[in-house]
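Beneath this line is the structure, given in structure tokens, with notes to follow.
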Amino acid sequence: MKKKSKDSIFTIENQKDLKSLKFEDCFKRLEKIVSILEEGSVSLEESIKLYEEGIGLAKICMEKLSDAELKIKKLSKEINGKIIFEDFDLDE
Amino acid sequence: MNENYYTVTQLTKQIRNVLEQTFFDVTVLGEISNFKKHTSGHLYFTLKDENASINAVMWRNRVANLFFTPQDGMKVIARGSISVYEIRGTYQLDVSYLKPLGIGELQIAFEELKKKLAAEGLFDPRYKKPLPEFPQRIGIVTSPTGAVIRDIANIIARRFPIVELLLYPVIVQGAGAAEEIANAISQFNKYKNIDVMIICRGGGSLEDLWAFNEEIVARAIFNSEIPIISAVGHETDFTISDFVADLRAPTPSAAAELVVPNVTDIIENVKNFVYTMKENVSDNISFYKDSINSLISNYYFNLPMNKVKQSMQRIDEFDRIIKLLIERSLNEKKIHIKNFEQRISSLNPESVLNRGYAIVYKNSHIIDRAYKLNSGDEVGIKFKDKKLNATITEDKKE
């Protein structure tokens with residue numbers, strides 16, 4: 001199984017980048033920031049920078065959660081062994 | 001001797017006619033042995049009891065109606081017809097319908113497959129893959145109709161709607177179900193673009209759930225690189241799928257609860273993160289403030305300042321002394337001036353007026369000698385209180 005090792009420290013420069021992030025990455029980065037801050041090994045300037053980033057991430061997380069709507073797709077066909085999904089409405 | 005004989009072919013044909021006409025529809029009870037599934041899809045096996053055995057075949061088109069895979073040792077009721085294979089002179093039972101003698105047979109088959117797969121390590125915990133914490137796309141292998149897919153969709157929509165559900169529709173019971181389920185699992189693995197898979201169906205009899213006890217499904221689950229949750233029937237139903245899967249959910253609804261986190265928990269988490277960060281940063285800031293304050297109040301830090309302060313105090317002292325000295329000298333000067341004034345005032349010519357003398361002016365000049373005047377001169381006489389004018393009338397020569 002392919003492993004996604006995304007929990008290494010990555011920094012996010014601006015809000016635009018933040019919005020394009022996956023929820024998981026946002027949440028994980030936020031989690032990481034909190035643990036860095038709790039560790040207390042960064043300078044005051046860094047901690048304030050991290051704090052600002054963290055608040056931004058928290059906002060994005062909340063937005064992503066509140067905007068979300070479940071999507072359902074159903075297998076429509078197989079072409080040469082490739083499967084293709086189409087939108088599926090359960091109420092039909 | 002009358003040359004009355006059959007050819008082998010004639011005899012075999014005769015035997016064939018007799019057997020096939022006599023046994024064109026028979027039902028027989030026996031135990032399966034030497035079971036083989038040919039790559040062509042036909043099944044070959046022997047039915048036997050204590051004293052006899054008969055070869056049996058089940059052609060692929062009939063196999064499609066089987067809801068279970070027969071196994072050696074399984075007691076079955078087979079229905080079909082006897083056919084004779086003329087070339088080899090053998091006869092066999094063409095099975096059109098096959099079912100386990102009873103539920104007990106399925107239970108035995110279940111236990112045997114379980115034992116076999118366990119021995120191979122298919123249930124070993126070290127092969128269990130962790131489930132993603134926040135899946136983005138979830139593959140669902142189940143029937144597109146019925147309550148199961150709706151229940152799952154409703155629960156996930158409520159708990160964690162950020163995901164996409166990809167439904168791979170399959171039949172979940174009866175003939176061909178196991179093959180469809182196994183195929184769906186391997187197709188999802190080729191597709192790759194899902195994080196986790198749920199294979200599920202609602203409750204039913206052991207026969208209904210049987211597809212999930214088939215080896216082909218078990219192997220497909222084991223070979224999947226995508227983590228799989230197995231959710232078959234009710235809480236009390238255990239299937240082989242459940243044992244091989246990375247996680248068993250007691251019901252399809254439970255699978256939906258297990259596969260995604262709850263949005264309210266996450267919101268709570270995010271709030272806690274924000275709180276922790278705020279606390280941390282404000283603690284950090286007050287820590288530095290306290291440090292700065294304690295540095296500022298430190299004795300050595302204040303040493304230079306103290307010197308400055310001392311100097312300033314000395315300057316103030318000097319200032320006070322200087323002011324004092326100035327004031328003293330001023331006072332002395334004042335007294336001096338006062339004395340001087342007194343002395344000066346005693347010299348003031350006008351002070352004689354106080355003593356009853358008068359001063360004579362002529363053209364604003366004081367006249368201090370009589371010879372400076374002549375008869376008829378206009379003069380002024382200044383008394384203490386007033387100035388009068390007068391005319392000299394007589395030159396009094398003495």
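Note that the coordinates shown come from a computational prediction; the quantities given were computed from them, not determined experimentally.
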Rounded to the nearest 0.5 Å, how far does CD1 of A:Ile36 lie from CG of B:Asn280? 11.0 Å

Within 6.0 angstrom of B:Lys128 NZ, more than 12 heavy atoms from elsewhere: yes

For B:Phe287, I'd like to know if atom CZ has over 12 heavy atoms of other residues, nucleotides or ligands within 6.0 Å. no

Measure B:Asn269 against the heavy atoms of chain A and call it side chain, backbone, both or neither at under 4.5 Å. side chain

Could you look at B:Ile138 and say if it's the side chain, the backbone, both or neither that has a heavy atom under 4.5 Å from chain A? neither

Smallest separation among heavy atoms of B:Phe134 and A:Glu24, with atom names: O-OE1, 3.5 Å

Quick check for you: to the nearest 0.5 Å, what is the distance between B:Ile267 atom CD1 and A:Ser66 atom OG? 7.5 Å

Side-chain contact test, heavy atoms from C-beta onward, threshold under 4.5 Å: evaluate it for A:Lys71 versus B:Leu165 and give yes or no. no

Taking the side chain as every heavy atom from C-beta outward, state whether B:Val270 and A:Phe27 have any pair of such atoms under 4.5 Å apart. yes

If you round to the nearest 0.5 Å, how far is CZ of B:Phe273 from CD of A:Glu38? 8.5 Å

Quick one: side chains of residues 152-160 of chain B, donor-acceptor pairs under 3.5 Å with protein atoms, not counting sequence neighbours, listed by atom name and distance.
{"residue": "B:Asn154", "atom": "ND2", "partner": "B:Arg150", "partner atom": "O", "Å": "3.3"}
{"residue": "B:Arg159", "atom": "NE", "partner": "B:Glu257", "partner atom": "O", "Å": "3.4"}
{"residue": "B:Arg159", "atom": "NE", "partner": "B:Val260", "partner atom": "O", "Å": "3.4"}
{"residue": "B:Arg159", "atom": "NH1", "partner": "B:Glu257", "partner atom": "OE1", "Å": "3.1"}
{"residue": "B:Arg159", "atom": "NH2", "partner": "B:Glu257", "partner atom": "O", "Å": "3.1"}
{"residue": "B:Arg159", "atom": "NH2", "partner": "B:Val260", "partner atom": "O", "Å": "3.0"}

Does any non-hydrogen side-chain atom of B:Leu167 lie less than 4.5 Å from one of A:Leu75? no

Drop me the distance from B:Tyr288's OH to A:Ser43's OG, to the nearest 0.5 angstrom. 6.5 Å

What are the two closest heavy atoms between B:Met277 and A:Leu30, and how far apart are they? CE-CD1, 3.9 Å

If you take all heavy atoms of A:Leu44 and B:Ile285, which pair is closest and at what distance? CD1-CG1, 3.9 Å

Would you say CD of A:Glu86 has more than 12 non-hydrogen atoms from neighbouring residues, nucleotides or ligands within 6.0 angstrom? yes

Can you find a pair of side-chain heavy atoms, one from B:Gln136 and one from A:Phe23, that are under 4.5 Å apart? no

A:Leu70 and B:Val163: side chain to side chain contact (heavy atoms under 4.5 Å, CB included), yes or no, with the steps? CA-CA 6 Å; A:Leu70 182 70; B:Val163 297; 3.5 Å; yes

Find out whether B:Ile266 and A:Leu65 are in side-chain contact, i.e. whether some heavy atom of one side chain is under 4.5 Å from a heavy atom of the other. yes

So B:Leu166 and A:Lys74, do their side chains get closer than 4.5 Å, heavy atoms only? no

Within a strict 4.5 Å, meaning less than it, do heavy atoms of the B:Lys190 and A:Lys82 side chains meet? no

Contact origin within B:Ile140 toward chain A - heavy atom pairs under 4.5 Å: neither

